[in-house]
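A short worksheet on the structure shown next.
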Amino acid sequence: MNNEDIKISIAIDGFSSCGKSTLAKALASKLHYHYLDTGAMYRAVTLFAMKEGLVKDGLLYVDEISRRLDEIDITFERNKETGRSDVVLNGKNVEKEIRSQDVASLVSPVSAIQAVRRKLHKSQRAMAEKKGVVMDGRDIGTVVMPDAELKIFMTADTEVRVLRRFEEQRAKGQDVSMDQVRENLKTRDLIDSTRVEDPLRQADDAMVLDNSELTPDEQLQMALGWALKAIEDKKNAVTP
Ligand code: DC
């Protein structure tokens with residue numbers, strides 16, 4: 001194998017609003033790797049359930065959602081204006097809709113449904129087979145890509161995360177309060193880390209990145225250093 005062809009897989013997991021996708025996108029762009037936002041896929045399934053009336057008064061029709069998963073097709077398309085990947089649900093670009101507070105408040109219970117996870121894992125694993133991928137989520141280093149050469153577990157102080165998410169949502173014109181954002185983050189963290197199916201947990205071999213006091217560039221430099229070292233280690237392992 002040519003050294004130039006050596007690529008690794010990078011798994012990024014962590015609590016909500018830790019800046020996982022910011023870091024994952026920046027790393028993918030620096031390394032010319034593919035990026036997959038797995039949270040967006042769970043959000044798309046949640047939006048489907050909402051639109052099809054499979055959620056009423058905050059209650060999920062779990063059996064019905066599980067039965068209708070074959071009707072869900074999730075793809076990504078490049079947005080020429082932002083240069084990023086937008087989520088397409090059954091042929092419709094739903095990037096904006098999946099970031100709403102309504103979806104945010106239902107996505108954790110939807111993502112705790114076993115059949116939903118099994119469906120999404122299939123496409124995530126297919127993507128993981130190509131090397132040169134950065135994937136972010138909650139179970140990437142533990143379940144989806146347990147063999148990833150670099151695993152990063154991100155964390156940040158709760159109030160720092162609340163403020164970041166609040167400012168982000170306000171900038172998008174969403175009418176939310178700090179209290180709503182705080183409540184949503186705490187509830188999601190709790191459900192995501194205590195659910196039976198693939199709970200969020202730090203992989204034993206993960207590097208921990210607490211970015212409470214780091215700028216996006218500082219955290220990128222730290223993660224890039226780890227990635228280059230992992231690539232170097234892999235080169236040394238294959239070169240006699
Ligand atoms: O990263 P995010 O906030 O867009 O993710 C939305 C939700 O999806 C999150 O609260 C939990 C769920 N999720 C998951 O269970 N497993 C993943 N790999 C990614 C996200």
Side-chain angles (χ1 to χ4, degrees), residues 9-25 35-50 55 58 60 62 65 69 72 74 76 84-87 89 94-128 133-146 148 151-156 158 161-162 164-166 168-169 172 174 176 180-203 206 211:
S9 301
I10 303 178
I12 303 184
D13 290 300
F15 294 103
S16 297
S17 297
C18 273
K20 297 185 296 296
S21 65
T22 304
L23 176 64
K25 278 176 210 155
Y35 164 59
L36 185 67
D37 174 354
T38 64
M41 301 170 84
Y42 290 95
R43 286 170 181 265
V45 173
T46 305
L47 184 65
F48 173 87
M50 288 163 62
V55 185
L60 307 180
V62 173
I65 295 173
L69 290 174
I72 303 178
I74 301 169
F76 290 86
R84 296 189 180 148
S85 271
D86 284 356
V87 181
L89 169 64
V94 292
E95 183 60 32
K96 193 156 179 236
E97 282 175 271
I98 63 161
R99 307 291 166 193
S100 70
Q101 191 63 28
D102 286 348
V103 170
S105 61
L106 287 166
V107 65
S108 279
V110 170
S111 65
I113 301 172
Q114 184 185 41
V116 170
R117 305 201 69 77
R118 297 292 90 89
K119 176 187 169 80
L120 298 186
H121 280 167
K122 266 193 210 151
S123 32
Q124 291 163 9
R125 289 199 172 112
M127 171 98 174
V133 63
V134 184
M135 224 181 266
D136 77 338
R138 304 293 186 289
D139 59 346
I140 309 303
T142 51
V143 177
V144 179
M145 301 202 298
K151 298 177 188 175
I152 301 177
F153 188 82
M154 288 182 69
T155 124
T158 306
R161 295 193 282 133
V162 170
R164 283 183 192 155
R165 176 52 65 105
F166 174 74
E168 198 180 287
Q169 291 189 268
K172 285 184 190 159
Q174 297 176 9
V176 285
Q180 279 173 312
V181 173
R182 184 178 298 106
E183 204 43 47
N184 177 254
L185 282 195
K186 285 189 170 169
T187 309
R188 284 210 282 150
D189 286 353
L190 183 70
I191 300 177
D192 295 348
S193 54
T194 57
R195 69 184 175 215
V196 177
E197 294 292 323
D198 318 320
L200 167 66
R201 66 175 183 80
Q202 183 187 325
N211 67 10

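Indexing begins at 1, ligand by ligand and atom by atom, following the structure's order.
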Subject >> Any donor-acceptor N or O pair under 3.5 Å, side chains Arg161, Ser17 >> reply: no
Original post:
Are any of the side-chain nitrogens in Glu95 or Arg99 under 4.0 Å away from the carboxylate oxygens of its partner?
Top reply: yes
Original post:
Can you name the residues that form a side-chain hydrogen bond (donor to acceptor under 3.5 Å, both in side chains) with Thr46, not counting sequence neighbours?
Top reply: none
**OP:** Kindly tell me which protein residues have any non-hydrogen atom under 4.0 angstrom away from an atom of ligand 1, grouped by chain and ordered by number?
**Re:** Thr38, Gly39, Tyr42, Arg43, Val107, Ser108, Ser111, Arg117, Gly137, Arg138, Asp139, Ile140, Arg188, Asp192, Arg195
Subject >> With Asp198 via side-chain hydrogen bond (donor to acceptor under 3.5 Å, both in side chains) - residues at least two apart >> reply: Arg117, Arg118
**OP:** Could you tell me whether the side chains of Gln101 and Gln169 share a donor-acceptor contact shorter than 3.5 Å?
**Re:** yes
Subject >> With sequence neighbours excluded, residues passing salt bridge (Lys or Arg N to Asp or Glu O under 4.0 Å) with Asp192 >> reply: Arg138, Arg195
